[in-house]
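Below is one structure, written out as structure tokens; the observations come after it.
Counting starts at 1 for both ligands and their atoms, following the listed order.
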Amino acid sequence: MADVAVIGAQWGDEGKGKLVDWLSARAEVVVRFQGGHNAGHTLVIDGAVYKLSLLPSGIVRGGKMSVIGNGVVIDPWALVAEMDRLREQGVKISPANLVIAENACLILPLHGELDKLREEAAGKGRIGTTGRGIGPAYEDKAGRRAIKLIDLAYPETLPQKIERFLTHHNALRRGFGVPDIDKNALMKALNDIALAVLPFAGPVWKLLHEARRAGKRILFEGAQGVLLDVDHGTYPYVTSSNVVAGQAATGSGLGPRAVQYVLGIVKAYTTRVGEGPFPTELEDAVGQKLGERGHEFGTVTGRKRRCGWFDAALVRQSLRIAGVDGIALTKLDVLDTFDELKVCTGYEIEGQSYDYLPAGIDRQTHIKPVYETMEGWGDSTEGARSWADLPASAVKYVRRIEELIECPIALVSTSPERDDVILMRDPFEG
Ligand code: GDP
Ligand code: IMO
Ligand code: MG
């Protein structure tokens, strides 16, 4: 039996939340290992919509242990707000079913402010971040000045840590022409929020080792997607963490054998939110239609997602980089009413052909996709739960994708609803 990591294989929003929720029926522990509340994972259960940003998607299904690993950057105020929102929807959250790594780094209000100040100052050169302070918080982690969750438990030594932290930040703030942060005010805010979050803090690495030793099944929930990975993505238009499956080990403390099966989540077309290169983007009526049918608006910021054709070259590359064993193809139903569909099989730039997206923003921005055209199916796949329910042309599209990306399709998702899934191979079987 395999422990499974679910990761996004495009630019995020592939439907990771839905698949983690579906798989969590058969897992005992669900772990977030990177990112923060820049993520927006949507679950639809009998028509009720649950939106999760920091909490693992397993929290909605009762009886599961949810874990936020050390690789996640945590805004404690956003966490408390999210817990309140979910509790109002009837979700039970307590230290009995949620544990947060005590060594995780915190996102403080000044991180979000700095994120936005930088984006404004960059003007046209902006990244299009979620404005949640993710980048600045990871910078502080690498810069060894971050405030960690466990630091809140020691109010006597917290002032020294804050001092060091603010020496850096207040200098930056003066550069932006904004007022210094007052040490005492920050100290008070942290002491206040500590009461709400410290009960969840614990040694996650230990808990996970014990779970594994007891034979419990662990499911890792990635955020963002491979093309937003800080190393492998379309840099600098990326997020500030590693999102590939290897991060599941580092971001939770379980070692390189943490995962036996990597499930890549792949949308049947392509979307991206924020700035940056997007070879198959459609700025015409077809792109508009994809956005409307797919309800492509960001869960976190409400921004319109950019839409385009399926890019098999890009997905093939992502799957190899992340070591994906099988994929879940999502949102096939969104393509139901298209007469024809295009699939990108490679690229051309300055007379040279590529079967992958070469590194460097200069080439990535000017590269031209090479397409093959497939016929649409003009029939509904919405809610299909068996392969036999799919029209012949839809089967052909799915099989062609499988061939081009050189990776088996384990699952197909055909609506936002929890159980509208076609299972072809069970990821837990390895
Ligand atoms: P995540 O960030 O990868 O978890 O994805 P999001 O939740 O941000 O975005 C995916 C959106 O598509 C959500 O609104 C889901 O409810 C929805 N969705 C997921 N799978 C399907 C599907 O197979 N068909 C359709 N039509 N919508 C889906
Ligand atoms: P989920 O988990 C889609 C994008 C932002 C921006 C870039 C950097 O829901 O798939 P950041 O705030 O992280 O510094 O922004 O990354 N981005 C996402 N796009 N889905 C996400 O998460 C994203 N998280 C960040 O739009 O382009
Ligand atoms: Mg999302």
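The residues Arg26 and Asp426 are annotated as salt-bridged, a charged nitrogen and a carboxylate oxygen being separated by less than 4.0 angstrom. Salt-bridge formation is detected for the pair Arg126/Glu275: a Lys NZ or Arg NE/NH1/NH2 atom is positioned less than 4.0 Å from an Asp or Glu carboxylate oxygen.
Ligand 1 lies within reach of Ser415, whose nearest heavy atom is under 4.0 Å from it. Look at Arg305 and you'll find a heavy atom under 4.0 Å from some atom of ligand 1.
Counting non-hydrogen atoms of other residues, nucleotides and ligands closer than 6.0 Å to CG of Asp339 gives a total of 12 or fewer. Applying the 6.0 Å contact sphere to OH of Tyr235 captures no more than 12 heavy atoms from other residues, nucleotides or ligands. Within 6.0 Å of atom CD in Gln89, more than 12 heavy atoms from other residues, nucleotides or ligands are found, so the atom counts as buried in its surroundings. Atom NE2 of His168 sits in a crowded spot, with more than 12 heavy atoms from other residues, nucleotides or ligands closer than 6.0 Å.
Neighbouring protein atoms of the Mg ion (ligand 3) (N, O or S, distance under 2.8 Å, waters ignored): Asp13 OD1, Gly40 O.
Residues meeting the side chain to side chain contact (heavy atoms under 4.5 Å, CB included) test with Glu88, sequence neighbours left out: none.
When only non-hydrogen protein atoms are considered, atom 24 (N) of ligand 1 lies nearest to Asp333 OD1, 2.7 Å. Of all protein heavy atoms, the one closest to atom 23 (O) of ligand 1 is Ser413 OG, 2.5 Å. Pro416 CB, 3.4 Å is the protein heavy atom nearest to atom 16 (O) of ligand 1. For atom 15 (C) of ligand 1, the nearest non-hydrogen atom of the protein is Thr42 CB, 4.1 Å. Residue, atom and distance of the protein heavy atom nearest to atom 2 (O) of ligand 1 are Gly40 O, 2.9 Å. In terms of protein heavy-atom proximity, atom 10 (C) of ligand 1 is nearest to Asp13 O, 3.7 Å. Looking only at heavy atoms of the protein, atom 4 (O) of ligand 1 is closest to Gly17 N, 2.8 Å.
Lys16 approaches Gly8 most closely through the heavy-atom pair CD-N, 3.4 Å. The two residues Thr129 and Glu119 come nearest to each other via the heavy atoms N-OE1, 2.9 Å. Across every non-hydrogen atom of Glu382 and Asp333, the tightest pair is CA-CB, 3.9 Å.
Remark: of the listed residues Ile147, Asp75, Ile193, Leu114, Ile147 is the sole one forming a side-chain contact (heavy atoms from CB on, under 4.5 Å) with Leu108. The side-chain contact (heavy atoms from CB on, under 4.5 Å) with Arg385 is formed by just one residue from the set Asp419, Leu423, Val412; it is Asp419.
Within the structure, salt bridge (Lys or Arg N to Asp or Glu O under 4.0 Å) contacts touching residues 54-64 (residues at least two apart or in different chains) are Asp21-Arg61.
Between His232 and Tyr356, a ring centre-to-centre spacing not shorter than 6.0 Å is recorded.
Atom 17 (C) of ligand 1 has its nearest heavy-atom neighbour, among Glu296, Lys18, Gln224, Lys331, in Lys331.
Taking a cut-off of under 4.0 Å to the non-hydrogen atoms of Glu14, the atoms of ligand 1 that pass are 3 (O), 5 (O). The His41 neighbourhood of ligand 1 comprises atoms 1 (P), 2 (O), 4 (O), 7 (O), with distances under 4.0 Å to a heavy atom of that residue.
Listed as neighbours of ligand 2 are Trp11, Gly12, Asp13, Lys16, Asn38, Ala39, Gly40, His41, Ile127, Gly128, Thr129, Thr130, Ala223, Gln224, Leu228, Val238, Thr239, Val273, Gly274, Arg303, each bearing a heavy atom under 4.0 Å from the ligand.
The backbone of Thr414, and not its side chain, has at least one atom closer than 4.0 Å to an atom of ligand 1 (non-hydrogen atoms only; backbone = N, CA, C, O).
Considering backbone and side-chain N/O atoms, Leu332 never comes within less than 3.5 Å of an N/O atom of ligand 1.
In this structure, Arg293 and Lys289 have side chains that are in contact, with non-hydrogen atoms separated by less than 4.5 Å.
Note on ring orientation: taking the six-membered ring where Trp is involved, the planes of Trp377 and Tyr397 are tilted (angle from 30° to 60°).
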